[in-house]
S.K.: 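Have a look at the structure that comes next, please.
None of these values were measured; they are calculated from a predicted model. Lettering follows sequence order; numbering is per chain, from 1. No hydrogens, no waters, no symmetry mates; every other heavy atom, side chains included, goes into these values.
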Amino acid sequence: MLQQTRVEAVIPYYERFLERFPTVQALAVAEEDEVLALWSGLGYYSRARNLLHAARAIAAGGLPRNHEGLRALAGVGDYTAAAIASIAFGLPHAAVDGNVLRVVARVENDASDIGTSGPRRRFGEIAQSWLDVRHPGLFNQAMMELGATVCLPKDPRCGVCPLAAACRAHREGTAAQLPVKLRKTAPVAIEAVLLVVRNRGRVLLRRREDSARRMPGFWDLPAPADIPGARAGKSHGTFRHTITHYHYTFTVLAGTAPRGLLPAGCRWCSSAQFQEIPLSTTACKALKLAGVL
DNA sequence: AAAGCGGGGGC
DNA sequence: GCCCCAGCTTT
């Protein structure tokens with residue numbers, strides 16, 4: 001949950017998740033849709049599928065006790081494997097997250113692009129060379145905490161930093177400009193319409209295809225094109241939503257669907273059921289706008 | 001090696 | 001509006 005997601009954003013999800021799945025075994029036997037429903041709104045949903053796969057592997061074969069075995073679990077990369085290996089097992093692996101990359105870039109006063117693999121590997125090797133092999137878990141958490149509380153992205157607090165005397169960027173006055181991160185894909189603006197079709201207290205939802213690149217299996221509100229013969233009524237308003245580099249402006253319209261056969265991939269959903277299915281955040285926002293949620 | 005993947009909070 | 005977050009997987 002913490003991969004690329006702030007701690008404060010994770011906590012409520014984490015608590016609900018552990019209440020429902022208190023053990024690896026409980027998670028291992030879960031349905032994917034229920035896991036995704038609990039993850040809905042947190043983003044990066046492949047993390048949830050990966051966690052489920054990893055739980056099944058662990059339930060079957062036990063928890064790996066070294067970096068290599070951890071690294072082989074779904075959703076566990078170099079950082080996560082190092083974090084677990086060092087914090088849980090005391091093994092000497094530097095855990096290099098975004099915070100640590102920033103600390104290294106500044107201490108070394110290195111303006112290489114941390115978005116590319118060469119510098120990332122180099123910075124990782126530097127962090128590894130700094131590691132206190134007697135206390136790898138404490139060292140890693142101290143490095144990350146330094147980045148999270150002192151060596152801040154925009155506003156480095158060099159005045160209270162224990163590394164200031166050793167920091168080349170502080171000496172050169174370049175700390176606030178580091179690290180360098182280039183290459184952002186150009187944003188794309190998209191306008192789209194979502195329909196809120198209601199019938200006897202329920203709302204028509206559309207399931208995203210299994211082959212969809214983003215959020216397969218999630219439930220969305222339909223667009224007019226998804227419902228042959230749909231008619232749009234009054235507007236509930238508009239809202240903006242950004243997914244990676246796509247900037248959507250959604251207009252939410254009340255709609256009516258022809259009586260009879262349900263369009264393929266669609267279902268009626270009562271408000272009580274919204275909690276139990278993987279609901280997209282755009283659908284969630286639109287339903288709130290329409291007063292359904 | 002680079003692109004894609006969610007969503008929210010801080011500035 | 002842009003940046004960044006206890007990154008990973010796929011192309």
S.K.: Under 6.0 Å from the CZ atom of A/Arg16, do we count more than 12 heavy atoms belonging to anything else shown?
M.R.: yes
S.K.: At 4.0 Å (heavy atoms only), tell me whether A/Gly41 reaches a base, stays on the sugar-phosphate, or touches nothing.
M.R.: sugar-phosphate
S.K.: Counting heavy atoms from C-beta on, name the nucleotide in B/dG7, B/dC5, C/dC5 closest to the side chain of A/Ile243.
M.R.: B/dG7
S.K.: Figure out the CG/C1' separation between A/Asp113 and B/dA2, and round it to whole Å.
M.R.: 11 Å
S.K.: Look only at the side chain of A/Arg208 and the backbone of A/Asp220, and say whether a donor-acceptor pair between them is shorter than 3.5 Å.
M.R.: no
S.K.: So which one's nearest nucleotide on DNA chain C is more toward 5', A/Arg240 or A/Val76?
M.R.: A/Arg240
S.K.: Considering every strand and a 4.0 Å limit on heavy-atom distances, what is the contact class for A/Asp155: base, sugar-phosphate, or nothing?
M.R.: nothing
S.K.: Heavy atoms from C-beta onward define the side chain here; which of C/dC5, B/dG7, B/dG4 lies closest to that of A/His245?
M.R.: B/dG4
S.K.: Using atom P in both nucleotides, what's the gap between C/dT11 and B/dG6 to the nearest angstrom?
M.R.: 14 Å
S.K.: Nearest to the A/Gln4 side chain among C/dT9, C/dC5, B/dG4, which nucleotide is it?
M.R.: C/dC5
S.K.: Is A/Ser117 close enough to B/dA1 that one of its side-chain N or O atoms is under 4.0 Å from OP1 or OP2 there?
M.R.: yes
S.K.: CG of A/Asn50 versus P of C/dG7: gap in Å, rounded?
M.R.: 15 Å
S.K.: Assuming nearest nucleotide by heavy-atom distance, tell me which of A/Leu279 and A/Thr116 is located more 5' along DNA chain B.
M.R.: A/Thr116
S.K.: Between C/dA6 atom C1' and A/Tyr13 atom OH, what is the distance in whole Å?
M.R.: 18 Å
S.K.: Between B/dA2 atom P and A/Ile114 atom CD1, what is the distance in whole Å?
M.R.: 14 Å
S.K.: Counting side-chain heavy atoms from C-beta on, which of B/dG6, B/dG7, B/dA1 comes nearest to A/His241?
M.R.: B/dG7
S.K.: Applying a 4.0 Å non-hydrogen cut-off, can you work out what A/Arg102 is touching in the nucleic acid: base, sugar-phosphate, or nothing?
M.R.: sugar-phosphate
S.K.: Please give the nucleotide sitting opposite C/dG1 as a Watson-Crick or G-U wobble pair, both distances under 3.5 Å, or none.
M.R.: B/dC11
S.K.: Let me know, please, whether A/Lys285 or A/Tyr44 comes out on the 5' side of the other along DNA chain B by nearest nucleotide.
M.R.: A/Tyr44
S.K.: According to the interplanar angle, ranging from 0 to 90°, do the rings of A/Phe239 and A/His241 count as parallel (below 30°), tilted (30 to 60°) or perpendicular (above 60°)?
M.R.: perpendicular
S.K.: Could you tell me how far apart A/Leu73 (CG) and C/dG7 (C1') are, to the nearest whole angstrom?
M.R.: 15 Å
S.K.: Could you check A/Pro187 against A/Met144 and say which one's nearest nucleotide on DNA chain C is further toward the 5' end?
M.R.: A/Pro187
S.K.: Return the orientation label for the A/Tyr45 and A/Phe218 ring planes: parallel under 30°, perpendicular over 60°, tilted otherwise.
M.R.: tilted
S.K.: Verify the contact: side-chain N or O of A/Thr281 to OP1 or OP2 of B/dG7, cut-off strictly under 4.0 Å; return yes or no.
M.R.: yes
S.K.: Considering only heavy atoms and no angle criterion, is a donor-acceptor pair shorter than 3.5 Å present between the side chain of A/Arg6 and the base of C/dC4?
M.R.: yes
S.K.: Report yes if a donor N or O on one partner sits less than 3.5 Å from an acceptor N or O on the other, where the partners are the side chain of A/Thr5 and the base of B/dG6; otherwise report no.
M.R.: yes
S.K.: It should be established whether A/Thr80 places a side-chain nitrogen or oxygen under 4.0 Å from OP1 or OP2 of nucleotide C/dC8.
M.R.: yes
S.K.: Measure from NZ on A/Lys154 to C1' on B/dG10 and round the result to the nearest Å.
M.R.: 8 Å
S.K.: Roughly how many Å is it from CG in A/Leu138 to C1' in C/dA6, rounded to a whole number?
M.R.: 16 Å
S.K.: Has the side chain of A/Thr5 got a donor or acceptor atom that lies under 3.5 Å from a matching backbone atom of A/Leu2?
M.R.: no
S.K.: Among B/dC5, B/dG7, C/dC4, find the nucleotide with the atom closest to the side chain of A/Thr244.
M.R.: B/dC5
S.K.: For A/Ala74, answer base if it contacts any base atom (sugar-phosphate contacts may also be present), sugar-phosphate if it contacts only those atoms, and nothing otherwise; contact means non-hydrogen atoms under 4.0 Å.
M.R.: sugar-phosphate
S.K.: C/dA6, B/dG7, B/dG4: which one has an atom nearest the side-chain heavy atoms of A/Asp97?
M.R.: C/dA6
S.K.: Quantified in whole Å, what is the P atom distance between nucleotide C/dA6 and nucleotide B/dC5?
M.R.: 23 Å
S.K.: Could you give the distance from OG1 (A/Thr282) to CE (A/Met215), rounded to the nearest 0.5 Å?
M.R.: 6.5 Å
S.K.: Any carboxylate oxygen within less than 4.0 angstrom of a Lys/Arg side-chain nitrogen, looking at A/Glu108 and A/Arg122?
M.R.: no
S.K.: From the list B/dG6, C/dA6, C/dT9, which nucleotide is the closest neighbour of the side chain of A/Leu2?
M.R.: C/dA6
S.K.: Nearest-Å distance, CZ (A/Phe218) to P (B/dC5)?
M.R.: 14 Å
S.K.: So A/Met215, base contact, sugar-phosphate only, or nothing? Heavy-atom distance under 4.0 Å.
M.R.: sugar-phosphate
S.K.: Check every strand shown and say whether A/Asn140 touches a base, only sugar-phosphate, or nothing at a heavy-atom separation below 4.0 Å.
M.R.: nothing
